[in-house]
Amino acid sequence: MNKNKLTSQEENFSDWYNQVIQRAELADYAPVRGCMVVRPYGWAIWENIQSALDKRFKDTGHVNAAFPLFIPMSFLEKEKEHIEGFSPELAVVTIGGGEVLEEPLVVRPTSETIIGHMYAKWIKSYRDLPVLINQWANVVRWEMRTRLFLRTLEFYWQEGHTAHATAEEGQIETLKMLDVYTDFAVNVAAVPVIPGLKSQSEKFAGAVQSYTIEAMMGDTKALQSGTTHNLGQNFAKAFDIQYLDQNNELLYCWTTSWGLSTRFIGAVIMTHGDDQGLVLPPRLAPIQVVIVPIFRTDEEQSAVMETTKKVEQLLSGIRIKIDDRTEMTPGFKFNDWELRGVPLRIEIGPKDVEKNAVMISRRDIPGREGKSSISIDSLENRIPKILDEIHDNLLAKATKFRIDNTHDPKDYAELKGLINSGWAFSYWCGDANCEAKIKEDTKATIRCIPLDQGETNGKCIYCGNSAKEKAYFARAY
RNA sequence: CGGGGUGUAGCGCAGUUGGCAGCGCGCUGCGUUUGGGACGCAGAGGCCGGCGGUUCAAGUCCGCCCACCCCGACCA
């Protein structure tokens, strides 16, 4: 009965995570350390993430393009903080076609530099601005320690790179894309993220300011799930991205960049998953509804399959899979699709055909409580609504979990006590020293300083000096 | 790079004082099954991570390598 049980989340969250990914066939380990193969079911989730984001990028005026995988080493070196941040994790090609290369080529860890180079070439006038380009790409960062989806040597993402005439426009773009990510995370993935500012020590190498959408995973650790960066004029100056304004004055551009990666799939797994396996939010699920036909005899089979086809037609706008495998029992299939996180299952057997009804079973409500019989006539209307309800329920559950595990410690001792099982939302004076000390003591970092705090003040949780804003402190992936 | 662990069938593992290479799941075929992880019978599947050593004999003992996983430092 339970011989194929997953390790429970409570027992070992990390094992649970790895098992879910492999058994649900999202990804597998590649022959090279730290690399993963994204399997069709996992890639289908990524495709749904892509289309939801891509639509939002287009709606906000962006266009897609493709820049090269190889970047001359010298490009990386042009922005000081950038190369300092990335040099330890670069993959470098030194031989091509059997010849030692004149200049080593870096396999892109991110594309600010090569895109900056091209922008310098393309941008001449204020009339050319803004430039709003995104690319869907793979990048390589030679990480020490890797984990499927969360941190692999090679990963897939989108990276937006924009150039603007003024600092204000750059900042507006940075926050606009943070909004896009937030909207996507909340309304498509049902992941209740907190948008906020990164501290200076946590920001992107080369940025003036970085923003993040921060999410709480099922073990209460934090995951940076997407980032936007206001690059100021750092890259514009390093790559001479200049334009002539209306007054014929030569000025540097203001640039931004923003990215969301396959890591987000990890966020989805660890936000919604349970001891039965994956729980996919309906708007990202490759299969939204799985139909399991149940029958014994040939007559039952033909009646059941006829109804199944009818149901499929009624639900034509929904991503449906009919599990007509004959070599497995219904019980096996129920467990199998639950492991794979399909939001809604429809069971159709002889009893249902007789009643002109079907049994539905919600993935987000385990056991009998999530099951009910509904008439076939109401399916077309009800199923889309139920999928929305599942989305809302997943979002509400995850939000409650985060709130329940976020605390407001009275003092530093209390923070130290709770940080292994939750987040602390505390005043911070802004001193990098306090931040570093807290990290040293607790392994917790500032995940973000949330926007919209309004007028507030209190005392820094570490040093007790006056502070004007609160920050989330947590251990992170 | 430090600490820990593991390499034996597709996966998970066992293998005693050195003596024929095993178990469970999965896989293939046939039959019976099918409303919460079905069962029977018959099969297929191995350079025991690599190299070297000890021995009549090595999965097992010794040495050296390699790979991967987990925990740290680093990071989306």
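Atom set for the values below is all heavy atoms of this structure, side chains included, hydrogens, waters and symmetry mates excluded. All chains are named by letter (A, B, ...) in the order of the sequence lines, taking the proteins before the strands, and each is independently numbered beginning at 1. Everything numeric in this text was worked out from a predicted model, so none of it was measured.
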Practice problem: Please state how far atom NZ in A:K443 lies from atom P in B:C71, giving the value in whole angstrom units. | Solution: 11 Å
Exercise. Can you tell me, in whole Å, how much space there is between the P of B:C11 and that of B:G19?
Key: 26 Å
Self-check item: Whichever of A:Y29 and A:A205 has its nearest RNA chain B nucleotide further upstream toward 5'
Solution: A:Y29
Quiz item: Does A:N18 place a side-chain N or O at less than 4.0 Å from the phosphate oxygens OP1/OP2 of B:C70?
Solution: yes
Quiz item: How is A:T152 classified with respect to the nucleic acid when contacts are heavy atoms under 4.0 Å: base, sugar-phosphate, or nothing?
Solution: base
Taking only nitrogen or oxygen atoms into account, show me every contact under 3.5 Å that the protein makes with nucleotides 30-35 of chain B, one pair per line with its distance.
{"unit_1": "B:U34", "atom_1": "OP1", "unit_2": "A:R296", "atom_2": "NH1", "d": "2.5"}
{"unit_1": "B:G35", "atom_1": "O6", "unit_2": "A:G349", "atom_2": "N", "d": "3.4"}
{"unit_1": "B:G35", "atom_1": "O6", "unit_2": "A:G349", "atom_2": "O", "d": "3.3"}
{"unit_1": "B:G35", "atom_1": "O6", "unit_2": "A:P350", "atom_2": "N", "d": "2.9"}
{"unit_1": "B:G35", "atom_1": "O6", "unit_2": "A:K351", "atom_2": "N", "d": "2.9"}
{"unit_1": "B:G35", "atom_1": "O6", "unit_2": "A:D352", "atom_2": "OD2", "d": "3.3"}
{"unit_1": "B:G35", "atom_1": "N1", "unit_2": "A:D352", "atom_2": "OD2", "d": "2.4"}
{"unit_1": "B:G35", "atom_1": "N2", "unit_2": "A:E347", "atom_2": "OE1", "d": "3.3"}
{"unit_1": "B:G35", "atom_1": "N2", "unit_2": "A:D352", "atom_2": "OD2", "d": "3.3"}

Exercise. Give one of base, sugar-phosphate or nothing for A:L260, where a contact means two heavy atoms less than 4.0 Å apart.
Key: nothing
Quiz prompt | C1'-based separation of B:A21 from B:C48 [nearest Å] | solution = 8 Å
Quiz item: Taking the P atom of each, how far is B:G40 from B:C23, in whole Å?
Solution: 16 Å
Self-check item: Gap in Å between the two P atoms, one belonging to B:G49 and one to B:G12, rounded
Solution: 14 Å
Quiz item: Who is the Watson-Crick or G-U wobble partner of B:A38, with both distances under 3.5 Å?
Solution: B:U32
Exercise. Could you check how far CG of A:D15 sits from C1' of B:U6, rounded to whole Å?
Key: 14 Å
Exercise. Tell me whether the OP1 or OP2 atom of B:C71 has a side-chain N or O from A:R145 closer than 4.0 Å.
Key: yes
Self-check item: Base paired to B:C23 (Watson-Crick or G-U; both N/O distances under 3.5 angstrom)
Solution: B:G12
Self-check item: With sequence neighbours excluded, residues passing side chain to side chain contact (heavy atoms under 4.5 Å, CB included) with A:T220
Solution: A:M216, A:F401, A:N405, A:R475
Practice problem: For B:C56 and B:G18, measure between their C1' atoms and round to the nearest Å. | Solution: 12 Å
Self-check item: Sugar-phosphate, base or nothing in reach of A:Q19, heavy atoms under 4.0 Å
Solution: nothing
Exercise. Please state how far atom CZ in A:R23 lies from atom P in B:G12, giving the value in whole angstrom units.
Key: 12 Å
Exercise. Mark yes or no: A:R345 above the aromatic ring of A:F334, with NZ or CZ under 6.0 Å from the six-membered ring centre and no more than 45 degrees from the axis.
Key: yes
Quiz prompt | Assigned partner base of B:G2, Watson-Crick or wobble definition, under 3.5 Å | solution = B:C71
Quiz prompt | Whole angstrom value for the distance that separates P of B:C11 from CG of A:D28 | solution = 9 Å
Quiz item: Taking any strand in view, what nucleotide pairs with B:A58 in a Watson-Crick or G-U wobble way, both distances under 3.5 Å?
Solution: none
Quiz item: A:T442 and A:Y412: which non-hydrogen atoms are nearest, and at how many Å?
Solution: CG2-OH, 4.2 Å
Quiz item: If you look at every strand shown and take non-hydrogen atoms under 4.0 Å, does A:S14 touch a base, only sugar-phosphate, or nothing?
Solution: sugar-phosphate
Quiz item: To the nearest Å, how far apart are A:E369 CD and B:G36 C1'?
Solution: 16 Å
Quiz item: Taking atom types as modelled and ignoring hydrogens, do the side chains of A:N138 and A:E154 form a donor-acceptor contact shorter than 3.5 angstrom?
Solution: yes
Exercise. Could you state the atom-to-atom distance from CG of A:N12 to C1' of B:G5 in whole Å?
Key: 14 Å
Self-check item: Closest nucleotide among B:C74, B:G36, B:C70 to the A:E143 side chain
Solution: B:C74
Quiz item: B:G10 C1' sits how many Å from A:E25 CD, rounded?
Solution: 13 Å
Quiz item: Cut-off 3.5 Å, side chains only: do A:R108 and A:T110 have a donor facing an acceptor?
Solution: no
Quiz item: In whole Å, what separates the P atom of B:G46 from that of B:A9?
Solution: 10 Å
Quiz prompt | Sub-4.5 Å side-chain heavy-atom contact between A:I374 and A:L379 | solution = yes
Quiz item: Out of A:H161, A:H62, A:E159, A:Q158, which one pairs with A:N134 under the side-chain hydrogen bond (donor to acceptor under 3.5 Å, both in side chains) rule?
Solution: A:Q158
Quiz item: B:C64 pairs with which nucleotide, Watson-Crick or G-U wobble, both distances below 3.5 Å?
Solution: B:G50
Quiz item: With rounding to whole Å, what would you report as the distance between B:C64 and B:A14 at their P atoms?
Solution: 25 Å
Self-check item: By side chain to side chain contact (heavy atoms under 4.5 Å, CB included) - contacts of A:K351 (at least two apart)
Solution: none
Quiz item: Which residue, A:M144 or A:K371, contacts RNA chain B at a nucleotide closer to its 5' end, judged by nearest heavy atom?
Solution: A:K371
Practice problem: Please state how far atom NZ in A:K333 lies from atom C1' in B:G37, giving the value in whole angstrom units. | Solution: 13 Å
Self-check item: Polar side-chain contact A:E338-B:G36 base: donor and acceptor under 3.5 Å
Solution: yes
Quiz item: What interatomic distance, in whole Å, is found between P of B:G50 and the corresponding atom of B:A67?
Solution: 15 Å
Quiz item: Does one side chain, of A:K203 or A:Q200, offer a donor that lies under 3.5 Å from an acceptor on the other?
Solution: yes
